[in-house]
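Sequential numbering from 1 along the given sequence is applied to the chain's residues. The figures that follow rest on heavy atoms only: side chains count, while hydrogens, waters and symmetry mates do not. Just so it is clear, the model here is predicted, and its values are computed rather than measured.
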Amino acid sequence: MQTHKKLLALAIAAAAAHPAFADEQPEIGDAALEEVVVTGSRIQRSTFDTPAPTSVIDSESIKMSGELNLNEVLSTMPQFGEGFDATSGSYSFGNSGLNVLNLRDLGVQRTLALVNGKRPVQITADDNTMVSEIGMIPSELVQRVEVQTGGASAVYGADAVAGVVNFILKDDFEGISLRSQIGDSEAGGGANKAVTLTLGENFANGRGNFAASVDYFEEKPLYFRDRKNAAGRMRFMTNPADTGPNDGIPDKIIAEGVTYADFNIAGNTFGLWTAADDTSWYQLDGDEASLRTPASAIADGWMTIDGSGFDPNAYNMARGPYERLNAYTRAHFDISDSTRISADLMYSKTDSYDEIDPDFISSNWYEVVDGQANGIAVPDSVQQVLDGHDYAWLAVPYTFDEAGPRWHTNEREYLSASVTLEGELQNGWKWDTYLTSGYTKAELVQGNQFRLDRIERETFS
């Protein structure tokens, strides 16, 4: 795993080491590029000069990374924050299965993704905003990726405030390519497999080209519970040995095996908060109340450091299961020496699944007399615990463990088509116009979700 990450970092570093500032004429193979359009500019030029920094990743670097998803390649670059990928489900059900970039950590809605300099049809995220999904872009047909983080909004508008990522596809692919890959993690979990078939052919003495790519990708789940000290179990906590800001003792220390004292505990529980500002949690088993988490085992008011609470990783996934089928076709034909027509057709179908902990009802802290005034009877076992304190508050949360974890399935289907007509006038001016259309369909099914609108919540507060 470490070797793989190093190779990926080296590949990206090698590609990004040639930013779009150089005065030298770039070359691909033995053929020099006479004119290119740099991302973020409408001006043709013979070099990669541009006033804004533009990093370029070529197709060889993408292949060297060994990643099966373009999002996995780009998200390792320092320009990108946490976007949407196979880890984006959990409590945001509508985002599972999405692959969306987040430049400079300014938000996915402020990062624009382009294909050949044009906006593809976007897709909806969990909050019903439109985002640019890149999981459907055929990696085998990518010639290079240009990443610009400054000044892009002047050309592309407000959705490019964070920057723009432009995927330049090959327009002369010829031959047949079959690629398959199987991978697994060293400790198990998150296994994946993929197969990609790509073919292309030039025609009309090189005036036209047709290319198509079909890609299938599948990834198995990886649960947090399968990794020691995964997210949630290891946290910073207040150092009990700290005596002040100038004592040379760290304010915070790392706690391992952290659990939650008052969250999703199986069975009936109640919390006791005393006038001494101590909080303890008790487990109810029939007519017996036993101390489960003493106040001495609770740090910062909520972390249980003796393992007696709820494991935050009991259900959640680090990577959810994901299945994707992509199909892409592209053709272009030179009508004349100065006019070209091209067309693209893109289809994608994805299925994802995610699950989280069982649903629950939280509780406020209240005095026993308040509960009794509302008709709540206090069991004898609870009263015996209260008898040892002159003044105390109770909290009585409840978790629906019998229903099992909350889960969802997310199916998406995407289809888009575009036609572009472009050319050059005799005076050197260039023009282009394009028409694009498409649709996206998503079906989200949720299970074991608690219907709060069907209960009288006041009876639980």
Run the salt-bridge test on [X] and [Y] with the 4.0 Å N-O cut-off and return the result as yes or no.
| X | Y | answer |
| --- | --- | --- |
| Arg233 | Asp311 | yes |
| Asp159 | Arg110 | no |
| Asp351 | Lys349 | yes |
| Glu218 | Lys220 | yes |
| Asp171 | Arg340 | yes |
| Asp58 | Arg144 | no |
| Arg319 | Glu219 | yes |
| Glu140 | Arg179 | yes |

Say whether [X] and [Y], considering side chains only, have a donor N or O and an acceptor N or O under 3.5 Å apart.
| X | Y | result |
| --- | --- | --- |
| Thr198 | Ser177 | no |
| Ser308 | Thr293 | yes |
| Asn410 | Ser352 | no |
| Gln122 | Ser132 | yes |
| Arg292 | Thr304 | no |
| Asn102 | Asp105 | yes |
| Asn202 | Asn209 | yes |
| Glu323 | Tyr216 | yes |
| Ser348 | Asn326 | yes |

Smallest separation among heavy atoms of [X] and [Y], with atom names:
| X | Y | value |
| --- | --- | --- |
| Ser342 | His332 | CB-CB, 3.6 Å |
| Arg225 | Tyr315 | NH1-CA, 3.8 Å |
| Ser55 | Met77 | CB-CE, 4.5 Å |
| Ile265 | Gly309 | CD1-C, 3.6 Å |
| Leu101 | Thr111 | O-CB, 3.6 Å |
| Pro250 | Asp242 | O-CB, 3.8 Å |

Report yes or no: is the cationic atom of Lys252 (NZ for Lys, CZ for Arg) closer than 6.0 Å to the six-membered ring centre of Phe236, at no more than 45° off its axis?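 Ring-cation test returns no.
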Quick one: does [X]'s side chain get under 4.5 Å of [Y]'s, heavy atoms only?
| X | Y | answer |
| --- | --- | --- |
| Val131 | Ile123 | yes |
| Pro397 | Ser362 | no |
| Leu74 | Val165 | yes |
| Glu201 | Phe173 | no |
| Ile168 | Val142 | no |

Assess the residue pair Asp127 and Thr129 against the criterion (side-chain hydrogen bond (donor to acceptor under 3.5 Å, both in side chains)); give the C-alpha distance rounded to whole Å, side-chain angles, the decisive distance to 0.1 Å, and a yes or no. CA-CA 6 Å; Asp127 57 358; Thr129 57; 2.6 Å; yes
Check the pair Arg227, Ser185 against side-chain hydrogen bond (donor to acceptor under 3.5 Å, both in side chains), reporting the backbone distance first and the verdict last. CA-CA 12 Å; Arg227 294 292 187 270; Ser185 58; 3.2 Å; yes
Is it true that a side-chain atom of Arg324 and a backbone atom of Phe217 form a donor plus acceptor pair closer than 3.5 Å?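 Here the side-chain-to-backbone pair does not exist.
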Could you list the residues that satisfy salt bridge (charged side-chain N to carboxylate O under 4.0 Å, His left out) with Arg330, not counting sequence neighbours?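 Listed in chain order: Asp344.
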For residues Tyr347 and Tyr414, establish whether the separation of their ring centroids is below 6.0 Å.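 No - the distance between ring centres of Tyr347 and Tyr414 does not fall below the 6.0 Å cut-off.
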